[in-house]
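All chains are named by letter (A, B, ...) in the order of the sequence lines, taking the proteins before the strands, and each is independently numbered beginning at 1.
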Number of protein chains: 2
Amino acid sequence: MARSALTRDGVLDTAAALVKEHGPDALTMRRLAAELGTAVTSIYWHVGNRESLLDALVERTVADLGTLRPRGGDPAERIVSVAALLRRALRDRPHLVAMVHERGLTERMFLPAQRALIHEAHAAGLRGARAAALVRAVQFQVVGHVLVERNRERSPTQSPAEPDLWGADTAPDTAAGTDADPELAAALAAPIDTEAVFTAGVRALVAGLLA
Amino acid sequence: MARSALTRDGVLDTAAALVKEHGPDALTMRRLAAELGTAVTSIYWHVGNRESLLDALVERTVADLGTLRPRGGDPAERIVSVAALLRRALRDRPHLVAMVHERGLTERMFLPAQRALIHEAHAAGLRGARAAALVRAVQFQVVGHVLVERNRERSPTQSPAEPDLWGADTAPDTAAGTDADPELAAALAAPIDTEAVFTAGVRALVAGLLA
DNA sequence: ACCTGAACACCGTTCAAGT
DNA sequence: ACCTGAACACCGTTCAAGT
């Protein structure tokens, strides 16, 4: 990759790819150099050191979240589309997003999405504190959902498995929680179509907030 | 610390303290050995290696979240108290919680809180899907809030500062978002008493879900 | 202006050896 | 059963030296 002249951008590209695929720990200066086909020390000339390299990747990620184009016929649809685009963006680069968060730039990363949401809230006739509440609610919903979703994907077999946890045939103290409520047990134990849950949740939330 | 005979528990105590205060990266085997006053290699006899040491710390954290005693006169109050206790527990050990999350044990960590919430939902007469919705909603609210809160504390001076972002005197494209809505701008720009926001939010959420 | 290898101070881990 | 130091293969970083 990037066989020709070594560039700062080239270094960042390869570094970003490495982090996206294997996480920040996999980004060692020696491995990056090997990937780029240069000496380890050449990298330092272009990006300073490892820390500022990571900072640059974080800056890039924040910028990437700035390109957000809502779609849909009415404000409610467009708000849902913002949420969906945000979810997609966060899911695509979990490690980089985590790095943004570690550096305290989460709020700045969410700014473009916030602006889009404000715009749609106004278009829907919502103003002031109610518009602010909508912005925060959607943002929290998306972030929370992505966190839960990532977690589920990384450990498909929960320990202990959820059916065992919520089933009616388990220990007495479990019974106190769910035994008398099989519908609840089913709701919490069933395999989840997370994308469906996501859109349904956001749609309901938005409907409620615009009502 | 732990001057006498080296114990597995003693190693874990010191390691946990190190992680709580300085994060997992600060937990090097050599530093831990220095803190314990032993040879680096002695630690290996007690805990295997660094990875299983971290695993043990994660197990401890999951167990710590298991001691959750709701307080309050009615279900709504007790649900709010569960949320508050959960928030406190997550805030007290952010690094350890992050490690739990990385290992895909987040759901197991939240199980005791979920059981408590289910119990209170039932006590309030909520059953089935509505009870499940309450459990998830409260959990998301707490996690989302703690994430935002942590982020704010770690970077008290946001870049760019929020007043500049939401004020009426900034660039045209900002105006498109907020200029016509000073109350919204104020709501999003004002310094936040996060604890007040938290309890107010949870109270409103619970009231809405129990109504 | 850009790239290099040698060298430094770290790191986790293994292992043979002690008691 | 428990602890130790030496040694290994890593790591980020500095620096003097090359072109």
Worksheet item: Just checking, is any N or O donor in the side chain of A:S52 or A:N49 under 3.5 Å from an acceptor N or O on the other one?
Response: yes
Worksheet item: Which of these, B:V11, B:L12, B:L6, sits in a side chain to side chain contact (heavy atoms under 4.5 Å, CB included) with B:R8?
Response: B:L12
Discussion item. Between A:G48 and A:R31, which residue's closest nucleotide on DNA chain D lies nearer the 5′ terminus?
Written reply: A:R31
Worksheet entry | Nucleotide nearest A:A39 when distance is taken to its side chain, options D:dG12, D:dT4, C:dT4 | C:dT4
Discussion item. Taking the nucleotide of DNA chain C with the nearest heavy atom to each, does A:T7 or B:T41 sit closer to the 5' end?
Written reply: A:T7
Discussion item. Nearest to the B:W45 side chain among C:dT4, D:dA1, C:dC2, which nucleotide is it?
Written reply: D:dA1
Worksheet item: NA contact type, B:L27, heavy-atom cut-off 4.0 Å: base, sugar-phosphate, or nothing?
Response: sugar-phosphate
Practice prompt. Flag the pair A:R60 and A:D9 as a salt bridge only when some basic side-chain nitrogen lies within less than 4.0 angstrom of an acidic carboxylate oxygen.
Written response: yes
Worksheet item: Expressed in angstrom and rounded to an integer, what is the separation of A:L36 atom CG from C:dC2 atom P?
Response: 16 Å
Worksheet entry | Nucleotide of C:dT4, D:dT4, D:dG12 approaching B:S42 most closely (side-chain heavy atoms) | D:dT4
Worksheet item: Does C:dA1 have a Watson-Crick or wobble mate here (both distances under 3.5 Å), and if so which one?
Response: D:dT19
Item to complete: Indicate whether the side chain of B:T194 and that of B:E149 have a donor and an acceptor atom separated by less than 3.5 Å.
Response: yes
Practice prompt. Could you tell me the separation between the CG atom of A:D9 and the C1' atom of C:dC2, rounded to a whole number of Å?
Written response: 17 Å
Response to the item:
Of the listed D:dT13, D:dT4, C:dG12, the closest approach to the B:Y44 side chain comes from C:dG12
Worksheet item: Does B:R71 pair with B:E77 as a salt bridge, N-O distance under 4.0 Å?
Response: no
Fill in: Watson-Crick or G-U counterpart of D:dC8, or none if no pair lies under 3.5 Å
C:dG12
Worksheet item: What does B:T28 touch in the nucleic acid at a heavy-atom separation under 4.0 angstrom: a base, only the sugar-phosphate, or nothing?
Response: sugar-phosphate
Worksheet entry | Nearest listed nucleotide, side chain of A:M29, among D:dT13, C:dG12, D:dC2 | D:dT13
Worksheet item: Atom CG of B:L32 to atom P of C:dT13: distance rounded to whole Å?
Response: 12 Å
